[in-house]
Amino acid sequence: MISSSDASTSSSHPSSRPAQSRRSLLRFSATGIATAGMMGTASAGPAPAAPAATAPTDRPLRPNEGIVRDELSFRDDGTFTVVQFNDTQDGHRTDVRTIALQEAVLDDVAPDVVVINGDVIDGSPTTAQEAKQAINNVVRPMEDRGIPWALTFGNHDEDSSEATGLDEAGYLEFVAQYRHNVNTSGARDTTGSGNQVLTVRSAASRADAFALWLLDSGRYAPEQIAGQDFEGYPDWDWLRPDQVQWYLSASQRLETKNKQPVPGLVFQHIALWEHRFMWFASVDARTEAHHARAAAKHSIVGERNEDECPGPFNSGMFAAMLQRGDVRGLFVGHDHINTYVGDYYGIQLGYGPGTGFGTYGLGGAEENRLRGARVFHLDENVEGTYAGTELRFAADYGIDLGETGQPGEPADFPDGVR
């Protein structure tokens with residue numbers, strides 16, 4: 001099910017507007033140039049195969065395998081709600097409207113868990129303290145309400161690492177201090193940071209009734225591979241084969257333990273190539289007629305205001321999910337002004353809108369119209385457990401959408417966090 005909130009978005013603001021390419025303004029920021037080659041090249045190398053791929057299936061499921069159990073559970077009535085915030089992407093003086101939007105959504109929806117799905121901060125922090133403050137600002141709304149939360153990493157989270165000395169591993173150590181954070185260091189010997197699956201325990205038993213997959217989709221492509229650059233190709237990052245293999249292995253382990261496949265949702269920052277294919281129901285065609293056919297075929301609702309920005313290579317993740325048959329949807333951010341979702345051969349592919357007011361939007365008077373969040377409804381009483389998704393926008397809560405930034409003061413750290 002896709003809610004009427006998505007459908008109304010599509011009809012009120014037609015999806016036919018030309019896609020923009022505003023991302024280049026950020027892709028080659030001064031900090032991005034300094035780090036893109038270094039970080040991208042480092043992540044492009046092959047990682048050792050994950051031990052979980054061949055591990056026995058009768059051992060307990062442990063966090064060092066990336067499988068995290070008993071942190072989340074369905075409510076007594078069998079329901080569970082997830083909120084996805086995306087691209088909060090700001091510095092230590094986060095725009096006050098970003099926080100106001102988060103708080104409004106949390107108070108309205110009362111979710112059971114929140115995922116900040118990449119680009120949690122931008123490259124502006126100049127010290128470790130500022131980087132921590134930038135993260136603290138956007139996790140305090142959940143901490144203050146006692147809501148479990150986790151984050152994934154995007155391409156911008158390490159843009160300030162050279163200045164601050166904090167990388168993704170350092171961020172994971174930092175957020176582990178928060179009482180309600182449910183991140184772990186993730187699957188061992190697997191490319192990226194914090195690759196993990198959070199299972200949601202059934203209201204009626206200790207069985208795993210649902211799974212929330214958190215993947216690190218990386219940062220930037222390297223400058224070259226085999227002496228060839230990426231001119232003409234999207235030059236973001238992509239999931240590596242060992243990450244896909246970890247998903248396949250962990251998915252099988254969950255099935256073995258629970259005597260049936262465990263349905264789930266995947267959260268990662270950077271889109272798959274299949275997001276691009278779905279919008280036009282084609283690999284090559286890019287016309288309004290093709291999109292009209294795609295919208296009917298794949299039940300697409302929402303807006304597409306910029307080109308999807310995957311990596312140059314297809315990771316194979318979609319084929320892996322299709323083979324396993326357990327994933328109900330894969331949702332991303334990265335492209336701040338896309339909000340669409342569709343059913344692509346039985347798996348929903350979609351976007352959470354950009355939440356942060358400190359980064360690019362639509363431009364002009366509509367700059368902040370699409371600041372928002374995505375909400376997911378789970379229900380053990382519904383076949384397949386996944387009951388649908390909908391959007392919440394800043395405009396729904398009367399938050400100022402003016403173009404002028406409104407930087408705030410850093411929030412205090414909670415007791416025990418430093």
Side-chain angles (χ1 to χ4, degrees), residues 5-6 8-27 29-32 83-109 114 116-125 130 133-142 144 154 156 159 302-307 333-340 351-375 390-411:
S5 296
D6 276 314
S8 63
T9 300
S10 180
S11 60
S12 299
H13 305 286
S15 60
S16 59
R17 62 184 294 164
Q20 301 173 16
S21 182
R22 309 202 60 229
R23 175 172 305 284
S24 59
L25 298 175
L26 291 177
R27 173 67 174 88
S29 65
T31 309
V83 162
Q84 174 190 357
F85 293 131
N86 236 101
D87 300 276
T88 47
Q89 199 170 331
D90 211 332
H92 67 295
R93 298 192 62 198
T94 306
D95 194 300
V96 297
R97 296 169 297 177
T98 302
I99 310 304
L101 171 57
Q102 290 183 278
E103 292 178 335
V105 171
L106 297 178
D107 292 341
D108 179 22
V109 175
V114 171
I116 305 183
N117 196 23
D119 283 1
V120 183
I121 66 174
D122 65 12
S124 66
E130 288 184 354
Q133 287 172 327
I135 294 174
N136 182 63
N137 291 340
V138 296
V139 305
R140 280 300 300 263
M142 286 80 77
D144 293 346
H156 285 299
D159 279 356
E303 295 187 46
R304 176 184 183 268
N305 296 299
E306 62 177 316
D307 291 334
H334 191 49
D335 309 318
H336 304 181
I337 49 181
N338 291 343
T339 67
Y340 68 81
Y351 280 89
T355 303
F357 282 73
T359 185
Y360 78 85
L362 286 165
E366 290 205 319
E367 173 70 6
N368 295 311
R369 175 171 63 81
L370 294 181
R371 305 301 184 194
R374 184 170 282 283
V375 180
E390 59 184 316
L391 297 173
R392 293 287 192 276
F393 292 106
D396 298 335
Y397 304 104
I399 295 171
D400 177 22
L401 302 182
E403 299 174 56
T404 304
Q406 299 178 24
E409 294 301 320

Could you state the interatomic distance from CG (N136) to OG1 (T94), rounded to the nearest 0.5 Å? 9.0 Å
Let's go through D122 and D159 carefully: what are the C-alpha distance in whole Å and the side-chain angles of both, what is the deciding distance for side-chain contact (heavy atoms from CB on, under 4.5 Å) to 0.1 Å, and is it a yes or a no? CA-CA 7 Å; D122 65 12; D159 279 356; over 6 Å; no
Okay, side chain of E367, backbone of G361: is any donor-acceptor separation there less than 3.5 Å? yes
Are any side-chain N or O atoms of R93 and backbone N or O atoms of G408, one a donor and one an acceptor, separated by less than 3.5 Å? yes
Look at the side chain of N117 and the backbone N and O of Q84, then say whether any donor-acceptor pair between them is shorter than 3.5 Å. no
Once the angle between the rings of H336 and Y360 is folded into 0 to 90°, is it parallel (under 30°), tilted (30 to 60°) or perpendicular (over 60°)? parallel
Identify the two heavy atoms, one from L401 and one from A394, that lie closest to each other, and give their separation to 0.1 Å. CD2-CB, 3.9 Å
H156 vs I121 side-chain heavy atoms within contact, under 4.5 Å: no
Tell me whether the NZ or CZ atom of R371 lies within the 45° cone about the ring axis of F357 and under 6.0 Å from its centre. yes
Test: D396 and R392 ion pair at under 4.0 Å: no
Is it true that a side-chain atom of D87 and a backbone atom of D119 form a donor plus acceptor pair closer than 3.5 Å? no
Euclidean distance, T98 OG1 relative to E103 CD, rounded to 0.5 Å: 11.0 Å
Sub-3.5 Å donor-acceptor pair from the side chain of T355 to the main-chain atoms of T88, do we have one? no
Please round to the nearest 0.5 Å and tell me the distance separating atom CG of D335 and atom OH of Y351. 3.5 Å
Here the pair of heavy atoms bringing M142 nearest to V138 is CE-O, 3.4 Å
Keeping N368 on the side-chain end and G402 on the backbone end, is there a donor-acceptor pair under 3.5 Å? yes
Please report the closest heavy-atom contact between P141 and I99, naming both atoms and the distance. CG-CG2, 4.0 Å
Is it the case that the side chain of N305 and the backbone of I337 share a donor-acceptor pair, with hydrogens and angles ignored and the cut-off at 3.5 Å? yes
For A373 versus P353, what's the shortest heavy-atom pair and its separation? N-CG, 3.6 Å
Look only at the side chain of D90 and the backbone of A134, and say whether a donor-acceptor pair between them is shorter than 3.5 Å. no
Using only atom types and a distance under 3.5 Å, with no angle test, would you say the side chain of N137 pairs donor to acceptor with the backbone of A411? yes
Could you tell me the separation between the CZ atom of F85 and the CD atom of Q102, rounded to the nearest 0.5 Å? 5.0 Å
In Å, rounded to the nearest 0.5 Å, how long is the span from CG of L391 to CD of E303? 9.5 Å
OG1/T404 to CG/D400 distance, rounded to the nearest 0.5 angstrom? 8.5 Å
Would you sort out whether V120 and Q89 count as a side-chain contact (heavy atoms from CB on, under 4.5 Å), showing the intermediate values? CA-CA 5 Å; V120 183; Q89 199 170 331; over 6 Å; no
Does the side chain of V139 come within less than 4.5 Å of I116's, by heavy atoms? yes
